[in-house]
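Have a look at the structure below, then the notes.
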Amino acid sequence: MAISRPRSRGVPLIPLLLLILLAPLIYSVSRLRLSWAPERELGMPPPALPKRPDRLVLGPAAGQGRPDRLQCQGLKAVNKISLSSEPGEHVSFVTVFTTYSSDPAGAGKRSSDVVTVGKHFYSKEERSMAILNTFISFIQVSMPKSNVIILTDPKSKLSINQGKASILPIEGNYSRGNLMLQRIKSYIAFLELKLEEVDRVNCVVFTDSDMAVVEDLGHIFTSYPHWHLALTFRNNKGQPLNSGFVAVRGTRDGISKAIDFFNEVLKAYNLKYMKASRMLGDQLALAWVVKSYLPSAFGKFSRHETFTGEVNGASVLFLPCEVYNWTPPEGAGQFHGCPFQRFKKAFDARGMGFLQFNLSII
């Protein structure tokens, strides 16, 4: 007669393995719950949020401590920049800058002429000067052998007392609505002056004044030796070229080619884009000139890679904005390794923008 054995009552193997795997997770969740319990169960108020500073000061930034982020450290720019002791290129940074009087008739300040940061109030002129001085300070730290030249209206009352920064008055119409058109004319006038001086001058970088130079840019003149001028591009159909950065090689040939190029841009601006937004016309004209002579360039902008091409007889180096002319999103509070970045929003009345400097504008 066959004898049947009773079934084993042991714990099934698969549920046991799941229990072993989930035990650490259950433990960590219970610990986290206990860490929140005192405030909830004992009626304690939640921890107070850190008070936003009412001045422009250095503070904790998003991404701080990450190895792929360069953090702002006041006028020392960033704490991971190593300044090269090698000779390198002597670069002249040239920007067009002017201020506009808030109260020309002495009738008192209007609310629209005042910038509010927390409980403090500043004139727009004070804010503009703070931006300009910070722009100069970044260059002096990152490229101490370079100089800064400010092209401005001869009627302007600018006063700069920073190292190698100087003011060069150039006649023109610097009104708000005409400023971008005048900037092109001022660039041309500056280059024509340099062409008369010597056979070789400093290499030139024309730039907006709301930029932070956080690395030595001299390498673009040595690493890419065969070009006359350099532009920065982005994958943006409306404005693929950023006019806030234009580099010119400091040779007679480089300067001559750049003058011809800017004259083409000026002509396009006058013929096609005079009705464009006052801060947009020069970028539209710039793109039109490049597209007229080198339409194939536009097919390369989405690749984010450096390349060269010929525009009206000039060899142009195209540099990706994400590497050489980065505009961080508002609130980013960090550098990402790009040598050339914008910081203007740090002074906007809407809040502390994205970079918090150890700097006061009062």
Side-chain angles (χ1 to χ4, degrees), residues 91-101 124-140 143 146-160 162 164-195 201-213 217 229-232 239 241-248 250 255 258-259 261-270 273-274 276-286 289 325 327 340-344 347:
V91 178
S92 293
F93 287 86
V94 181
T95 189
V96 170
F97 183 89
T98 190
T99 58
Y100 302 97
S101 175
K124 288 185 176 179
E125 183 174 352
E126 288 173 323
R127 185 190 68 169
S128 297
M129 290 304 302
I131 292 173
L132 179 64
N133 284 318
T134 306
F135 164 75
I136 296 170
S137 296
F138 267 99
I139 293 172
Q140 292 178 339
M143 299 182 65
S146 296
N147 63 311
V148 180
I149 301 172
I150 302 159
L151 310 182
T152 190
D153 187 346
K155 300 175 183 178
S156 176
K157 298 179 181 179
L158 288 182
S159 178
I160 299 295
Q162 287 206 56
K164 298 180 181 179
S166 60
I167 295 173
L168 178 60
I170 292 181
E171 291 287 346
N173 177 5
Y174 290 81
S175 63
R176 287 186 175 92
N178 197 66
L179 187 58
M180 292 298 100
L181 182 64
Q182 178 58 46
R183 182 165 77 168
I184 301 171
K185 295 179 180 179
S186 296
Y187 287 174
I188 295 171
F190 172 80
L191 291 172
E192 288 175 343
L193 288 174
K194 293 301 173 185
L195 195 60
V201 297
N202 287 357
C203 294
V204 176
V205 174
F206 293 105
T207 171
D208 292 340
S209 59
D210 63 342
M211 308 290 281
V213 181
L217 286 166
L229 67 151
L231 305 173
T232 54
Q239 302 174 57
L241 295 169
N242 191 319
S243 61
F245 177 103
V246 181
V248 177
I255 294 173
I259 292 173
F261 178 82
F262 279 124
N263 274 316
E264 286 288 313
V265 175
L266 181 62
K267 180 180 177 181
Y269 197 131
N270 280 317
Y273 302 111
M274 288 300 293
S277 169
R278 67 188 186 193
M279 303 302 290
L280 185 62
D282 64 330
Q283 296 195 143
L284 295 175
L286 189 65
V289 170
N325 188 357
T327 303
F340 218 57
Q341 306 179 32
R342 296 179 179 273
F343 65 88
K344 182 177 179 180
F347 297 90

Which atom of [X] lies closest to which atom of [Y], heavy atoms considered:
X      : Y      : value
Leu266 : Leu181 : CD1-CD1, 3.5 Å
Val213 : Leu217 : CG1-CD1, 4.2 Å
Met211 : Phe135 : O-CD1, 3.3 Å

Checklist entry - Donor-acceptor pair, Glu264 side chain versus Val289 backbone, under 3.5 Å? => result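 Flag not set: sc Glu264 to bb Val289 has no pair under 3.5 Å.
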Acceptor/donor pairs from residues 152-160 side chains to any protein atom, 3.5 angstrom cut, sequence neighbours excluded:
residue	atom	partner	partner atom	Å
Thr152	OG1	Phe97	O	2.7
Asp153	OD1	Lys155	N	3.0
Ser156	OG	Leu158	N	3.4

Next on the checklist: What's the separation between atom OH in Tyr100 and atom CD in Glu125, rounded to the nearest 0.5 Å?
Outcome noted: 11.5 Å
Next on the checklist: Could you measure the distance from the CD1 atom of Ile255 to the CG atom of Leu229? Nearest 0.5 Å is fine.
Outcome noted: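 It is 12.0 Å, given to the nearest 0.5 Å.
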Checklist entry - Are side-chain heavy atoms of Lys267 and Asn263 found at a separation under 4.5 Å? => result no
Next on the checklist: When you compare the side chains of Asn242 and Thr232, does any donor N or O come within less than 3.5 Å of an acceptor on the partner?
Outcome noted: no
Item to check | Side-chain donor-acceptor pair present, Arg183, Thr95, cut-off under 3.5 Å | outcome: no
Item to check | Chi angles and distances behind the side chain to side chain contact (heavy atoms under 4.5 Å, CB included) call for Phe93, Asn147 | outcome: CA-CA 6 Å; Phe93 287 86; Asn147 63 311; over 6 Å; no
Checklist outcome for this item: Across all chains, not counting sequence neighbours, the side chain to side chain contact (heavy atoms under 4.5 Å, CB included) partners of Leu168 are Ile149, Leu151, Ile170, Phe190, Leu193
Next on the checklist: For a ring-ring contact (aromatic ring centres under 6.0 Å, His included) check, start with the C-alpha distance between Phe262 and Phe206, then their side-chain angles and the critical distance, and finish with the verdict.
Outcome noted: CA-CA 12 Å; Phe262 279 124; Phe206 293 105; 5.7 Å; yes
